[in-house]
Each structure stands twice: as structure tokens, then as C-alpha cells.
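Chain letters run A, B, ... following the sequence lines, proteins first, then strands; residues in each count from 1. Values below: every heavy atom of this structure, side chains too, minus hydrogens, waters and symmetry copies.
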Amino acid sequence: MLFESVLITIATAATPLLLAAIGELVVERSGVLNLGVEGMMVMGAVCGFGAAALTGSPWLGVLAAVAAGSLFSLLFGFLTLSIATNQVATGLSLTLLGLGLSSMIGEAFVGSAGTKLPTLAAGLGAVPVVGPPLQNLLTNLAELPLIGRFLFGQDPIFYISILLVVGVAWFLFRTRAGLTLRSVGDNHASAHALGINVLGIRYLAVMFGGACAGLAGGHLSLVYTPQWVENMTAGRGWIALALVVFASWRPLRVLAGAYLFGAVTIGQLHAQAMGFGIPSQLLSAMPYLATILVLVLISRNRRLTLMNTPASLGQPFVPDR
Amino acid sequence: MKKLLLGVSSAMLMASVAAPALAQDKTKACFVYIGSKTDGGWTQAHDIGRQQVDAELGDQVETAFVENVPEGPDAERAIERLARSGCDIVFATSFGFMDQTVAVAQKFPDVKFEHATGYKTADNLAVYNARFYEGRYIQGQIAAKMSEKGVAGYIASFPIPEVVMGINAFVLGAQSVNPDFKVKVVWANTWFDAGKEADAAKVLIDQGVDVMTQHTDSTAPMQVAAERGIKAFGQASDMIKAGPETQLTAILDTWGPYYVKRIKAVMDGTWTSGNIWDGLAEGILSMAPYTNMPDDVKAMAEETEAKIKSGELKPFTGPINKQDGTQWLAAGENADDKTLAGLNFYVEGVDDQLPK
């Protein structure tokens with residue numbers, strides 16, 4: 001019972017990091033560095049919450065969060081891709097703008113009651129004909145000891161996040177389109193010379209990253225803590241950015257990093273509550289230390305890491321130059 | 001990175017607050033906030049106080065505020081800007097604005113300054129604070145009555161005297177009802193991170209607490225408590241909306257009457273510096289309605305509140321031992337304000353090691 005509950009708490013803490021990081025991974029693999037993750041995430045959070053509050057449907061909230069994140073990233077895309085502004089500066093401004101804009105949009109929603117996204121099983125139950133039997137199946141499977149609820153009793157965004165990791169890994173390393181995207185990130189001039197539409201691919205990647213960050217924000221305001229408060233992302237966008245780098249741009253390592261971070265975060269709180277007598281400041285730093293240490297150890301092969309690093313990362317591409 | 005961002009955003013905010021020249025017959029009262037005025041907690045309580053000034057003093061007064069001012073050099077610029085723009089009195093509402101307020105007060109001897117929760121005063125600089133621990137003591141008593149397992153969860157922010165005082169008062173209150181009562185403390189090391197606060201709440205509930213209180217600012221722990229079906233206390237503002245069947249009571253910061261009184265004193269020319277540490281009796285803090293509890297618990301809470309108000313009961317009255325078992329206060333002895341304001345140790349019965 002305790003074990004099960006701890007697993008779910010860890011998954012809830014890891015999911016927003018994982019979503020934002022897997023999106024940013026694709027963006028960076030295409031050669032674009034978007035430091036605006038925090039801004040896109042917080043926009044997703046406020047729009048997701050707002051849409052759910054106004055329509056009463058948390059499902060529409062999720063859609064709104066995704067749409068808000070990707071539309072907001074389009075602004076970054078236009079500036080850095082079409083008019084080749086500095087990516088670092090533009091990404092930082094996107095974060096600032098997102099934080100400010102979200103508190104303006106969110107002013108009306110401060111303190112209003114949130115709607116929590118139902119679990120996948122409950123959500124399926126509402127689908128006519130095929131829904132109820134599926135709901136029964138999942139509800140029964142969730143009764144399995146220890147891992148039943150973790151595997152079968154969670155919210156839909158958790159499943160989306162896992163599918164996204166698998167999907168992105170397959171796409172990047174097993175499909176032609178993924179190869180093309182990586183080639184754009186490694187050497188945009190050569191890719192351009194081969195007739196690949198560099199900017200088009202980067203636009204798509206940036207929007208995918210925005211959608212993922214928006215969904216991560218939606219998870220915060222619709223699942224994690226179903227409410228809207230200013231700056232509710234509280235730095236999670238930056239953690240996601242760091243995860244991508246320390247995972248040396250590999251999807252499965254991002255998954256490992258996000259869950260490790262979540263597990264140590266929750267584990268140190270349990271250690272505190274059990275009164276182990278370790279200074280809480282040290283415990284609070286543990287998730288960061290442990291995650292960096294483990295991911296650095298995994299990525300200690302320098303040659304492989306260099307191979308995984310997108311060589312054109314952060315460099316603007318202007319086709320006619 | 002975050003500091004830099006905050007700096008940039010506060011610089012932008014400051015540009016927007018530059019106030020127009022004022023008619024001289026109005027008294028201008030200005031406020032510096034550390035957070036957003038809609039944070040649902042600490043800063044919102046101050047802003048409600050400011051709105052009360054507007055409502056009660058009407059045309060005689062004009063108020064202005066700057067929000068999201070980070071502690072540090074930016075605070076000094078924000079406070080100085082207000083002082084320059086014709087404010088007659090400036091309220092700096094965070095502990096971390098202390099040295100900046102002192103510096104600006106020296107430069108503007110004709111402007112009155114008031115600093116919340118600090119301890120440095122000057123001829124034109126007063127400090128004011130509230131005895132939040134009085135409310136925590138009542139909460140502790142309620143927790144001991146309501147808990148079946150005899151264990152409460154406590155989500156703490158940072159190990160500063162204010163927070164340590166609260167934990168001690170909560171424990172003393174609980175032990176006045178049930179001497180074996182235990183408190184599990186989890187330090188979130190943040191004032192405001194809804195996700196982290198929710199995590200802490202889930203962890204505490206998983207570890208078996210059945211009543212919970214918090215010294216962090218978001219309503220997330222209340223929401224988790226509601227979801228998991230345990231009882232909890234709100235912090236700084238009434239959080240009943242986040243847990244209609246969960247909140248037992250909350251400590252409400254009520255700065256309005258104090259602000260009205262001090263601004264009136266500026267108008268009358270009777271303002272003097274001072275060091276005010278008011279409590280339930282003066283109304284600077286109050287308790288949200290006692291809800292979701294049996295009548296006898298409610299009656300006990302109301303009685304304790306009345307006793308604290310009348311001065312009959314002081315939470316920090318001996319005999320009290322420190323956590324290591326050595327004596328702190330002898331029987332009947334009261335803790336003096338100076339010790340309380342710098343409190344850095346636990347009393348006996350706290351099941352946690354205080355982070356240094």
C-alpha cells in the first residue's frame with residue numbers, strides 16, 4: 001500500500017519533467033536551443049487550467065495546454081528561425097514573457113477550484129460501447145498488488161508521457177524522418193545542400209517541443225496540483241533543460257533521469273518524515289546531485305557523448321548566406 | 001539564473017510604478033511586496049490591508065504598491081523610488097527588506113518607514129509583527145483532539161525563528177491535550193512551490209499522519225489533504241475553498257486595522273517609531289471559523305483563543321524543556337520577546353532534528 005502510493009507520487013513528480021524534457025530533446029536534436037521551456041510550460045499551465053475552468057472539461061483543458069504551448073513556441077520559432085535572432089536571448093525572453101503573460105491571464109483564476117483530470121480508466125468509462133468493458137478491465141488490473149495502480153490506475157498524461165518517450169526514441173533512431181531531423185541538427189549547411197528544408201523541420205521540432213512543454217504545464221495545473229497559482233512551474237522548466245543535456249540527448253536516459261529525480265525528491269521527503277536526522281538542506285539538494293552524478297556516469301564515454309551532441313546546436317541558419 | 005530573471009522582471013515592474021506628481025493634501029501610503037498580490041497567502045493578506053486603507057480613509061489617502069520585489073539591491077531601489085515619488089509612509093512587507101529599508105530611511109528623514117517582521121528601528125523607521133505562534137498553539141490543541149493516531153504532519157519552509165517558533169507552539173499546544181503527541185516535520189525548503197508542497201503532503205500522509213499543518217504559502221497541501229480524506233489547517237489566508245470539508249481553521253493575517261491606524265497617525269502628525277508585536281488580542285491575526293470538528297473541540301479552541309486574548313494563557317510558559325531535555329523555562333516563567341524573536345531550538349517532544 002505504502003509502496004504503491006510512493007510509486008504513484010514519484011510518477012506524478014516525474015511526469016512534467018519528462019514531458020518538457022522529451023520535447024526539448026527533439027528541439028535540440030534539430031539544432032535549436034530553446035531556453036523558453038519554463039515560459040511555455042507556465043503558459044500551458046494557465047491555459048489548461050483556464051480552459052478547464054471555463055468549459056468544465058479537464059479534457060479540453062489538456063488540449064488547450066498543448067495548443068498554448070505550441071502556439072507560444074511558434075513565437076520563438078518565428079524570431080529565431082525566420083529572422084535568425086540569438087536563440088539564447090530569445091529563449092530567455094520567452095520565459096520572462098511567459099511568466100508575465102501567464103500571471104496576467106491567470107489573475108481571474110487565482111483561488112478558483114480546479115478540476116482534476118480523471119484517471120485513464122474513468123475517462124474510458126465515458127466512451128460509449130467499448131468504454132465500460134475497458135474501464136472494468138483496467139480497474140481490475142489496478143487491483144494487482146504492488147504495481148497494479150502504477151501501471152493501470154493513473155491519469156492519461158502519464159501514459160502519454162511514456163508513449164512519447166518510446167515514440168521519440170523510435171522516430172529519431174529508427175525512421176528516415178528522424179535521421180533527417182538529426183542531420184539538420186548536426187550540420188544544417190550540408191542538410192540544406194542535400195535539399196532538406198532545414199527551417200521547415202526546425203519549425204516542426206520547435207512546435208513539438210512547445211506542445212510537450214504545454215502538456216507538462218497542463219499536468220501541473222490539472223493533475224499534480226489542480227489549481228492555478230502564479231509561477232507554479234517553480235523552475236521545473238530549467239530542470240528539464242538540464243536533464244536533456246545530462247542525458248546526452250538520449251530519450252531513454254531522459255526517462256531514467258526524470259524518474260530518478262522524482263524518486264530522490266520523494267525519497268528525501270520520506271527520509272525527513274522518518275526523522276533520520278540528516279540535514280534537510282542536504283536532502284533537498286540530493287535529487288540534483290544524484291541525477292547529475294548518475295547521468296554523468298552513464299554518459300562518461302566522451303566519444304559517444306560527442307556523437308550524440310547536435311553539432312549545430314544554437315547556431316542560426318540563414319539559407320542564402 | 002532565476003535571480004537574474006527576477007531582477008529583470010522587477011526592473012520592468014518598477015518602471016511601471018513611477019507615480020505621477022500628487023496633490024499635496026492627500027497622504028500617500030506605499031507598500032513594497034515580495035510576492036504577487038494574488039498569491040493567496042502572505043502578500044495577499046498585506047494587499048487586503050492596503051485595500052482596507054483605501055476603503056476606510058477614502059479621499060484623504062492615496063495608496064501605491066510595487067509587487068514581486070526580490071530581496072536584495074533591487075529592494076533598495078524599489079523602496080527609494082517610492083520614497084522619492086512623494087510617499088509619506090512606506091511599508092516594506094518582508095523580513096528580507098530589512099537592511100534596504102534601514103538604508104533608505106537614513107536618506108529620507110522626512111518619510112516614515114515601517115518594516116514587517118524585522119527588528120531594526122530608527123526615528124523614522126518602525127517595525128511591526130504578529131504573534132502567529134498564538135494561532136499555532138490553538139492548532140496544536142485541535143490537532144491533538146482530532147488525530148486518532150496521535151501524529152500530525154508539519155510542512156515547514158525554512159529554519160528561521162518565525163517557523164521554529166510555530167513548530168514549538170504547535171507541539172506545546174498538542175501536548176497540553178495529549179502529552180504523547182508526535183509531530184513529523186518535513187522541510188520543503190521553499191515558501192511557495194505548489195508541486196513540492198503537494199509532494200510533502202502526500203509523503204506525510206503515506207507515513208501515517210491524519211492531521212496536517214503547513215508553514216508554506218500555497219493551497220496545494222490542503223488540496224491533497226482533501227483528496228486523501230484527512231484534516232488540515234490553512235496558512236496566512238482562509239483556504240476553506242481548497243478544502244471545504246478539510247480545513248479545521250486557519251491563521252489569518254489581518255494587517256488592515258494596523259495600517260489604517262498608522263496612516264491616520266501620519267495624518268495627525270502623531271506617528272512615532274516603535275516596535276510592535278501584536279497578537280490575537282489586538283486583532284492583527286485572527287482564526288478562521290472552526291469547522292469540520294465536533295462541538296467540544298470547537299468549544300476548547302474558542303476557550304483557548306479567549307484565554308490567549310485575555311492574556312491568561314501564554315503559549316511559551318514554563319515548565320518547558322528544550323529538545324535535549326535541558327530546562328529552558330522554569331515553572332511559571334514566560335519566554336521574553338527577545339528570545340522568541342531569535343528562537344533556534346526545538347522544545348521537548350518535537351520528532352525532528354532542526355536543520356542548522
### Distance, nearest 0.5 Å, that separates CG of B:Asp199 from OG1 of A:Thr12
8.0 Å
#### Entry: Pairs of heavy atoms under 4.5 Å with chain A: top-ranked of B:Gln44, B:Glu227, B:Met239
B:Glu227
#### Entry: Point-to-point distance, once rounded to the nearest 0.5 Å, from CD1 of B:Ile205 to CG of A:Leu2
12.5 Å
### Task
Could you look at A:Pro16 and say if it's the side chain, the backbone, both or neither that has a heavy atom under 4.5 Å from chain B?
neither
### Message
A quick test of your reading: do over 12 heavy atoms of other residues, nucleotides or ligands sit less than 6.0 Å from CE of A:Met286?
### Response
no
#### Entry: Contact origin within B:Glu197 toward chain A - heavy atom pairs under 4.5 Å
neither
### Summary
Comparing A:Ser284, A:Ser280, A:Ala13, A:Ala271 against chain B, the one with the most heavy-atom pairs below 4.5 Å turns out to be A:Ser280
### Query
Measuring heavy-atom distances to chain A, does B:Val186 have an atom under 4.5 Å in its side chain, in its backbone, in both, or in neither?
both
### Summary
d(A:His270 NE2, B:Asp206 CG) to nearest 0.5 Å is 5.0 Å
### Query
Of the backbone (N, CA, C, O) and the side chain (C-beta and beyond), which part of A:Ile266 lies under 4.5 Å from a heavy atom of chain B, both, or neither?
both
### Query
Has A:Ile147 got more than 12 heavy atoms of other residues, nucleotides or ligands less than 6.0 Å from its CD1?
no
### Query
Where the side chain of B:Lys184 meets the backbone of A:Ala273, is there a donor-acceptor pair that is under 3.5 Å apart?
yes
### Query
Got A:Met232 and B:Ser218 here, is their nearest side-chain heavy-atom distance under 4.5 Å?
no
### Query
Do you know which two heavy atoms are closest between B:Ala194 and A:Val229, and how far apart they sit?
CB-CG2, 4.2 Å
### Query
Under 4.0 Å between a Lys/Arg side-chain N and an Asp/Glu carboxylate O for A:Glu230 and B:Lys37?
no
### Task
Calculate, to the nearest 0.5 Å, the distance between atoms CD and CG belonging to A:Gln272 and B:Leu204 respectively.
9.0 Å
### Summary
For A:Ser5 and B:Arg228 the tightest heavy-atom approach is OG-NH2, 3.5 Å
### Query
Can you say whether B:Ala242 sits under 4.5 Å from chain A via the side chain, the backbone, both, or neither, judging by heavy atoms?
neither
### Summary
To the nearest 0.5 Å, atom CD of A:Gln227 lies from atom OG1 of B:Thr219 at 3.5 Å
### From CD (A:Gln268) to CH2 (B:Trp187), nearest 0.5 Å
13.5 Å
### Task
Would you check, one step at a time, whether the test side chain to side chain donor-acceptor pair (under 3.5 Å) holds for B:Gln223 with A:Thr225?
CA-CA 8 Å; B:Gln223 233 176 9; A:Thr225 52; 5.3 Å; no
